[in-house]
Protein chains: 2
Amino acid sequence: MENRIENIKKQLHSQSYKLTPQREATVRVLLEHEQDHLSAEDVYLLVKEKAPEIGLATVYRTLELLTELKVVDKINFGDGVSRYDLRKEGAEHFHHHLVCVECGSVTEIEEDLLGDVEKVVEKQFEFDVKDHRLTFHGVCKSCQN
Amino acid sequence: MENRIENIKKQLHSQSYKLTPQREATVRVLLEHEQDHLSAEDVYLLVKEKAPEIGLATVYRTLELLTELKVVDKINFGDGVSRYDLRKEGAEHFHHHLVCVECGSVTEIEEDLLGDVEKVVEKQFEFDVKDHRLTFHGVCKSCQN
DNA sequence: CTAAATGCAAAACGTTTGCATATAG
DNA sequence: CTATATGCAAACGTTTTGCATTTAG
């Protein structure tokens, strides 16, 4: 936890960004909700509990910054909001998601299932893959009745 | 072309929807731009050339309807707009995309690369896969210099 | 000290909705 | 004829922006 914050602090400073209390509070919220898929509004409300003076615009600006630094990934499941998902430390690629069309639950898959597929794409389409987004839509275990 | 429209007409009628001139014009635009990834606004402007009286709201309502009928897929590449992509006739699954981070071009991959991956997901996570979304981000052939 | 960041309110944006009118079947 | 669809304008929710003020480094 603390060392991850330290890490992010270094990343910020290396590009002459500052680690403000608001940014730190935002990062802490993200770390504490690592498996969730929070919207900007969600993050705002959670940060507000600890740092009540923060403004929604600052949260948006911070999330944008963290996306740029690849600390988080900005994702979109088709409802009208962007969601923000912390990257696992050192993860090269974005993880995958299973979205249940019945209950709306979102499950994360950490393991990279796309190694072979990426090779095909690189060869066949001469496309230099940098990252991917993979989401499955279907029915989750507990909704299968 | 004409038979695809006829087909869609039948699908509409089977659920007591009507094939209005506005809907037909919208479908024709989608058919004429099969490889593009048009936003609602894009579609609106193109339809307007042929049917100038159409309203943007009608385009939105038509695209929503076609999404429900699985004639098109609504996709989101992370810019703020939804895009609409015609399904290949009889396609069970949504096709994949290669998005170039340099020039923004979008290439479609028709062949299904995820057969094996889906089997893993079904077994390992007991998740009943209905559809998927797969997008690769990287550098396309012509930007690799 | 000064460049960078903040909070606020206003604006912008894509999308949806209410409603009176028109029309496909 | 009637349920369904339309066009328009207003409303909506999310995200961005301008600006005067504050602050981390």
Side-chain angles (χ1 to χ4, degrees), chain A residues 5-6 8-27 29 37-69 71-84, chain B residues 5-6 8-27 29 37-69 71-84:
Chain A
I5 298 214
E6 202 51 42
I8 290 166
K9 186 173 182 176
K10 277 180 199 149
Q11 277 188 76
L12 287 169
H13 288 175
S14 77
Q15 317 205 25
S16 66
Y17 293 128
K18 298 171 182 174
L19 182 61
T20 62
Q22 292 90 333
R23 284 182 182 167
E24 183 169 339
T26 303
V27 172
V29 162
H37 302 85
L38 303 175
S39 67
E41 182 87 32
D42 294 337
V43 174
Y44 172 61
L45 292 173
L46 287 165
V47 175
K48 238 183 156 164
E49 291 174 10
K50 300 167 166 182
E53 74 294 348
I54 201 171
L56 181 54
T58 299
V59 171
Y60 271 103
R61 287 186 278 231
T62 300
L63 291 171
E64 188 192 20
L65 181 59
L66 293 173
T67 304
E68 188 191 306
L69 294 177
V71 171
V72 300
D73 283 296
K74 187 176 178 181
I75 47 177
N76 197 300
F77 290 129
D79 53 346
V81 274
S82 293
R83 298 178 177 280
Y84 297 85
Chain B
I5 298 214
E6 202 52 42
I8 290 166
K9 187 172 182 175
K10 278 180 198 149
Q11 277 188 75
L12 287 169
H13 288 174
S14 76
Q15 315 204 27
S16 66
Y17 293 128
K18 298 170 181 175
L19 182 62
T20 61
Q22 291 91 334
R23 285 182 183 167
E24 184 169 337
T26 304
V27 171
V29 162
H37 303 85
L38 304 174
S39 67
E41 183 86 33
D42 294 337
V43 174
Y44 172 61
L45 292 173
L46 288 164
V47 174
K48 236 180 160 176
E49 291 174 9
K50 300 167 164 183
E53 74 294 349
I54 201 170
L56 181 55
T58 300
V59 172
Y60 271 103
R61 285 186 278 232
T62 301
L63 291 170
E64 187 193 20
L65 181 59
L66 294 174
T67 304
E68 187 191 308
L69 295 176
V71 170
V72 300
D73 282 296
K74 188 176 179 179
I75 48 177
N76 199 299
F77 289 131
D79 53 346
V81 273
S82 294
R83 299 180 176 277
Y84 298 85

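A note on names: the letters A, B, ... follow the listed sequences, proteins ahead of strands, and every chain is numbered from 1. Everything quoted here is computed from the prediction, not taken from an experiment.
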Select base, sugar-phosphate, or nothing to describe what [X] touches, counting heavy atoms under 4.0 Å on all strands.
X	answer
Ser82(B)	sugar-phosphate
Glu53(A)	sugar-phosphate
Arg23(B)	sugar-phosphate
Pro21(B)	sugar-phosphate

Would you say [X] and [Y] make side-chain contact, with heavy atoms under 4.5 Å?
X	Y	result
Gln11(B)	Val71(B)	yes
Asp42(A)	Val29(A)	no
Val47(B)	Thr62(B)	no

Of Ile54(A) and Glu64(B), whose nearest nucleotide on DNA chain C comes first from the 5' end?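 Its nearest nucleotide lies further toward 5', so the answer is Ile54(A).
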Using heavy-atom distances to pick each residue's nearest nucleotide on DNA chain C, tell me which of Ser39(B) and Lys9(B) is more 5'.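 Between the two, 5'-proximity favours Ser39(B).
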Rounded to whole angstrom units, what separation is found between the [atom1] atom of [X] and the [atom2] atom of [N]?
X	N	atom1	atom2	answer
Asp79(B)	dG14(C)	CG	C1'	11 Å
Tyr44(A)	dT16(D)	OH	P	16 Å
Leu38(A)	dT14(D)	CG	C1'	16 Å
Leu65(A)	dA5(C)	CG	P	7 Å
Glu68(B)	dT16(C)	CD	P	13 Å
Leu63(B)	dG14(C)	CG	C1'	13 Å
Leu19(B)	dG25(C)	CG	P	6 Å
Gln15(B)	dA5(D)	CD	C1'	16 Å

Which listed nucleotide (dT23(C), dA4(C), dT15(D)) is nearest to the side chain of Lys18(B)?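 Of the candidates, dT23(C) comes closest.
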Tell me which nucleotide among dT15(C), dG25(C), dC8(D) gets nearest to the side chain of Arg61(B).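 So the nucleotide nearest the side chain must be dC8(D).
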Select from Tyr17(B) and Tyr60(A) the residue whose nearest nucleotide in DNA chain D is closer to the 5' end of that strand.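 Going by which nucleotide is closer to the 5' end, it is Tyr17(B).
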With DNA chain D as reference, determine whether Thr58(B) or Ser16(B) sits nearer its 5' end, using the nearest nucleotide of each.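 Its nearest nucleotide being more 5', the pick is Ser16(B).
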Using a 3.5 Å distance criterion without hydrogens, assess whether the side chain of Arg83(A) forms a donor-acceptor pair with backbone atoms of Phe77(A).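 Not a single qualifying donor-acceptor pair exists.
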Are Thr20(B) and dT6(D) close enough that a side-chain N or O sits under 4.0 Å from OP1 or OP2?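 Affirmative; the distance criterion is met.
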Gln22(A) vs dA24(D): side-chain N/O to OP1/OP2 distance below 4.0 Å: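 Gln22(A) to dA24(D) OP1/OP2: no side-chain N or O under 4.0 Å.
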Please determine whether side chain to side chain contact (heavy atoms under 4.5 Å, CB included) holds for the pair Leu12(A) and Leu65(A), giving the CA-CA distance in whole Å, both sets of side-chain angles, and the decisive distance to 0.1 Å. CA-CA 9 Å; Leu12(A) 287 169; Leu65(A) 181 59; 3.8 Å; yes
